[in-house]
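Chain identifiers are assigned alphabetically (A, B, ...) following the order of the sequence lines, protein sequences preceding nucleic acid strands; residue numbering begins at 1 within each chain. Excluded from the calculations below are hydrogen atoms, water molecules and symmetry mates; all remaining heavy atoms, backbone and side chain alike, are included.
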Amino acid sequence: MNVEHFLASFISQVINELFGLAIQPEEITLQKTKKEFEGDYTLVTFPYIKASKCSPEITGERIGEKLLSTNPSIIKFNVVKGFLNLSLSNDFWLSEFKHICAQSNYGIKPEKSSGKQIMLEYSSPNTNKPLHLGHVRNNLLGYSVATILKTQGHDVIKVNLINDRGIHICKSMIAWKLFGNGETPESSGLKGDHLVGKYYVEFDRAYKKEIQHLIDNGTSKEEAEKKAPIMLKTQEMLQKWEAHDQEIISLWKMMNGWVYEGFAISYKKLGVEFDKMYYESNTYLLGKEAVQEGLSKKVFYKKMDNSVAIDLTADKLDEKIVLRSDGTSVYITQDLGTAIERFKEFPHISQMIYTVGNEQDYHFKVLFKILEKLGYQWAKECYHLSYGMVELPEGKMKSREGTVVDADDLMDGMIETAKETTESSGKVSDFSNEEKEKLFHTIGMGALKYFILKVDPKKKMLFDPKESIDLHGNTGPFIQYAHARIKSILRDSKTDINGLNVHDGLTLHEKEKELIKLQYDFPKILSEAANTYNPAVVANYIYDLARLFNQFYNECSVLKEPDLKIQTFRIKLIATTAAIIKNGMNCLGIEVPEKM
RNA sequence: GGUCCCGUAGCUCAGCUGGAUAGAGCAACAGCCUUCUAAGCUGUGGGCCAUUGGUUCGAAUCCAAUCGGGAUCACCA
């Protein structure tokens, strides 16, 4: 039984009895009492003064007195202006705490218990360059939201749609052919994705040089961009690729293979994974049937030049081309086709989530609207998990210009920072080398992941590479540290925690009560995070919990507490705290060490 | 120009389904380790919540306008 509901239904009865006002429990809003006042929950009395025909203060007094006399869990109340603050008894909170203890994974619903199946797409890299900070945000966000949805009992299918074809891929291939001299990851010692990325940058350099050369010889800029020889070669290569030219296909396979080897390493380090991979080289022709279907349903129309379009001006969007005049498809065509395919392939999915940056907000609005107009019922269950760009102090990152924060460098740098800090603390002298490496990875990646996930996904975020990510304060390691501290106490206690029982009638220390109250919120936090697709909700909650534990730790001793009943209670209390920290951090894809 | 998103402490961010004196962290300053891990805890300073108007008993929160920042409006992906 939810505490707010429990109180609200009592209050609705009381208000009805006292003032004759019929009010549903759901309409009563209770809020947590602010720190500076005494009490657990607060009722704002302003909405009821019309019915009570008294001042807000008197209204509060009357409701409070009635509640006190009818509800044994309420032991005290006070009224400040129009605010009625209610205090619940220690035993009430202790019995809530027992409920928390009784569940092995408090707040987390059993796997696949909701019966709802959701497909979530994330990552979606191009195979022409290595992953950068922007991809890191995408990957962490997608993985985290998937994990959070799983806590609600949903069956989540994580998919990755790899953009493995197109003109941008050919750019790296052409540059490698022209300037590569047969260089391979083995011969260069470069990670495969970095090697391919090097030639993507190389292409841009050569292209720009050719453009400048043409401009110097009197060609207009626009003309030069089209006529640059290297660009013509690239377009020729794309045509050959589409015509299944064996030589091009095998070059493509080889270079993509290098990229996949590189990605696999980065994904592993990031700790993300997928249930199914899609490749655009397989899906890029999809959607033409949907175009035909749309034409016959008169959703689309043919234009004078034979291209096919849809008019969305009535929906405050523009006209959108869905098939070129030469009959080839555009980006949105394959997105339409892919979506339709997926719902055929997985008939039980009830929701489709796309983790894509907010620069594509418009694209997804158009996509979902078209699907709706084509008559697909599930179109309204498609959701664009839109997130803000990661910006550097100098502005946006640009792959072609090399002004990106590379994902591998970033991760290695964080792990190195974690190593330095950890070693200087001198706490891990008894660790084996293997354990140390694991710990540095856990802490470094924890810092990075928390740094990115604690901010609201839809907001753009700033990253300054010159200021390394902090390990103190509101950070991943802060939370990991709180967890390690708890585990250290539990080890020293040398007791079987499951065998312990919490006694009634304890007097609760302020911080103990706060810990119970905050732990009690965990399931609500998870469902809120799931409903809003927002890992930051979990991140900020876990931080609050860790901070509260640290305060408790400073004020109350666990193992040195002489009263055994209290000691037992405290052991249970910190054990559940640790479990929630661990499960919460797991939602962010962050591991927590037993010792650090 | 149209549409969408964002403006909260020096910096990075919470709070936004309307409620009490707007919160954290970093940075600065001052304390706390013979006591379960100081990656910690406590305290001090720091705010016209972009501006103006409206709705309300009550607005950082809702509405409108204005100013600033960003994205997008391709037969690119």
Side-chain angles (χ1 to χ4, degrees), chain A residues 29 31 33-37 42 44-47 49-50 56 80-83 85 124 126 163 165-169 280 284 303 305-309 316-335 357-363 365-366 386 388-389 391 395-396 418 421-422 424-425 427 443 447 451 454-456 458-464 467 469-482 484-493 536-537 539-540 543-544 546-547 549-561 570 574 595-596:
Chain A
T29 51
Q31 50 194 276
T33 302
K34 296 216 169 199
K35 284 259 156 48
E36 36 310 2
F37 301 96
T42 297
V44 182
T45 61
F46 289 103
I49 56 177
K50 265 188 191 157
V80 181
K81 290 188 267 179
F83 301 90
N85 301 320
S124 310
N126 294 334
N163 194 325
R165 66 162 287 281
I167 193 86
H168 52 294
I169 310 295
E280 279 200 12
Y284 80 106
K303 305 223 295 181
D305 60 4
N306 232 20
S307 61
V308 180
K316 288 184 111 180
L317 301 166
D318 299 311
E319 181 187 75
K320 180 73 192 173
I321 297 283
V322 293
L323 205 63
R324 291 191 189 107
S325 49
D326 64 3
T328 57
S329 46
V330 293
Y331 181 55
I332 203 155
T333 321
Q334 49 176 305
D335 266 5
N358 65 8
E359 57 203 352
Q360 295 201 37
D361 284 355
Y362 180 76
H363 170 77
K365 266 188 199 166
V366 171
S386 166
M389 297 290 103
E391 287 178 12
K396 260 188 93 171
T421 309
T422 308
S424 70
S425 80
K427 288 176 190 166
I443 296 173
F451 177 83
K454 79 170 171 185
V455 344
D456 187 335
K458 66 174 188 287
K459 291 193 177 176
K460 68 174 183 219
M461 64 179 291
L462 188 82
F463 177 79
D464 189 347
E467 287 178 34
I469 294 173
D470 222 304
L471 269 46
H472 301 270
N474 187 353
T475 67
F478 173 96
I479 297 166
Q480 291 172 325
Y481 182 70
R485 272 178 146 179
I486 295 174
K487 287 297 181 169
S488 171
I489 298 172
L490 295 178
R491 274 192 303 275
D492 290 347
S493 78
V537 171
N540 289 309
Y543 169 67
D544 285 340
R547 198 159 57 95
F549 165 75
N550 279 331
Q551 291 168 358
F552 163 81
Y553 181 89
N554 257 265
E555 291 181 35
C556 307
S557 180
V558 176
L559 299 179
K560 297 205 170 86
E561 169 57 46
R570 286 183 179 167
I574 65 170
K595 229 177 133 178
M596 70 185 272

[X] [atom1] - [N] [atom2] separation (whole Å):
X	N	atom1	atom2	result
A:Asn358	B:A71	CG	P	10 Å
A:Ile479	B:A39	CD1	C1'	12 Å
A:Asp318	B:G1	CG	C1'	12 Å
A:Lys460	B:G7	NZ	P	9 Å
A:Leu559	B:U35	CG	C1'	12 Å
A:Tyr543	B:G15	OH	C1'	15 Å
A:Asp361	B:A77	CG	P	19 Å
A:Ile469	B:G25	CD1	C1'	14 Å

Exercise for the section: Over 60° means perpendicular and under 30° means parallel, so classify the ring planes of A:Phe46 and A:Phe83, tilted if in between. Expected result: perpendicular
What interatomic distance, in whole Å, is found between [atom1] of [M] and the corresponding atom of [N]?
N	M	atom1	value
B:U37	B:G18	P	46 Å
B:C62	B:A20	P	15 Å
B:C26	B:C41	P	9 Å
B:U51	B:G10	P	13 Å
B:A22	B:C13	C1'	14 Å
B:A64	B:A74	C1'	34 Å
B:A50	B:A59	C1'	16 Å
B:U42	B:C48	P	27 Å

Does OP1 or OP2 of [N] have a side-chain N or O of [X] closer than 4.0 Å?
X	N	result
A:His472	B:G40	yes
A:Ser488	B:U37	yes
A:Lys34	B:A20	yes
A:Lys459	B:U12	no
A:Gln551	B:G40	no
A:Arg165	B:A77	no
A:Lys458	B:A71	no
A:Tyr481	B:A39	yes

Across the strands shown, which category fits [X] at heavy-atom distances under 4.0 angstrom: base, sugar-phosphate, nothing?
X	answer
A:Ile443	base
A:Thr42	base
A:Glu280	sugar-phosphate
A:Leu462	sugar-phosphate
A:Met461	sugar-phosphate

Handout entry: Polar side chain donor-acceptor pair, A:Ser386 to A:Asp361, under 3.5 angstrom
Key =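 Their side chains do contain a donor-acceptor pair, which is all the 3.5 Å distance test asks for.
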Handout entry: Heavy-atom side-chain contact between A:Val80 and A:Asn85 under 4.5 Å
Key =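 Answer yes - side chains close enough.
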Problem - Pairwise side-chain contact, A:Ile332 with A:His363, heavy-atom cut-off 4.5 Å (strictly under) - result: yes
I'd like to know if [X] reaches the base of [N] with its side chain such that a donor and an acceptor end up less than 3.5 angstrom apart.
X	N	value
A:Ser425	B:A38	no
A:Asp335	B:A77	no
A:Lys560	B:U35	no

Under 5.5 Å centre to centre and under 30° between planes: does that hold for [X] and the six-membered base ring of [N]?
X	N	value
A:Phe37	B:A20	yes
A:Phe478	B:G40	no
A:Phe83	B:A20	yes

Should [N] form a Watson-Crick or G-U wobble pair with both distances under 3.5 Å, which nucleotide is its partner?
N	result
B:A77	none
B:C33	none
B:G19	B:C57
B:A50	B:U66
B:C26	B:G10

Practice task
Without swapping roles, check the side chain of A:Thr421 against the backbone of A:Ala418 for a donor-acceptor pair under 3.5 Å.
Solution key: no
Exercise for the section: Check whether any side-chain N or O of A:Ser307 sits under 3.5 Å from a backbone N or O of A:Lys303 as a donor-acceptor pair, and report yes or no. Expected result: no
Among [options], the one nearest [X] by side-chain distance:
X	options	answer
A:Pro477	B:A77, B:A39, B:U12	B:A39
A:Asn163	B:G40, B:A20, B:A77	B:A77
A:Asn554	B:C41, B:A39, B:A20	B:C41
A:Asp456	B:U37, B:A20, B:A14	B:A14
A:Val558	B:U37, B:U72, B:C36	B:C36
A:Thr33	B:U37, B:C57, B:A20	B:A20
A:Thr422	B:U37, B:A39, B:C13	B:A39
A:Arg547	B:U37, B:C41, B:U35	B:C41
A:Asn540	B:A14, B:A77, B:A20	B:A14

Practice task
Tell me, please, whether A:Tyr553 has A:Arg485 positioned over its six-membered ring: NZ or CZ under 6.0 Å from the ring centre and within 45 degrees of its axis?
Solution key: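 Cation-pi check for A:Arg485 and A:Tyr553: passes.
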Exercise for the section: Could you walk me through whether A:Tyr543 and A:Lys454 pass side-chain contact (heavy atoms from CB on, under 4.5 Å), step by step? Expected result: CA-CA 9 Å; A:Tyr543 169 67; A:Lys454 79 170 171 185; over 6 Å; no
Exercise for the section: Name the orientation of the base relative to the sugar in B:C26: syn if the glycosidic angle is within 90° of 0, else anti. Expected result: anti
Exercise for the section: Between A:Asn85 and A:Glu391, name the one whose nearest nucleotide on RNA chain B is closer to the 5' end. Expected result: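 The residue whose closest nucleotide sits nearer the 5' end is A:Asn85.
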Fill in the blank from the handout: Looking only at heavy atoms, the pair that brings A:Ile469 and A:Ala447 closest together is CG2-O, 3.9 Å
Handout entry: Stepwise side-chain hydrogen bond (donor to acceptor under 3.5 Å, both in side chains) test for A:Ser325 and A:Asn306
Key = CA-CA 5 Å; A:Ser325 49; A:Asn306 232 20; over 6 Å; no
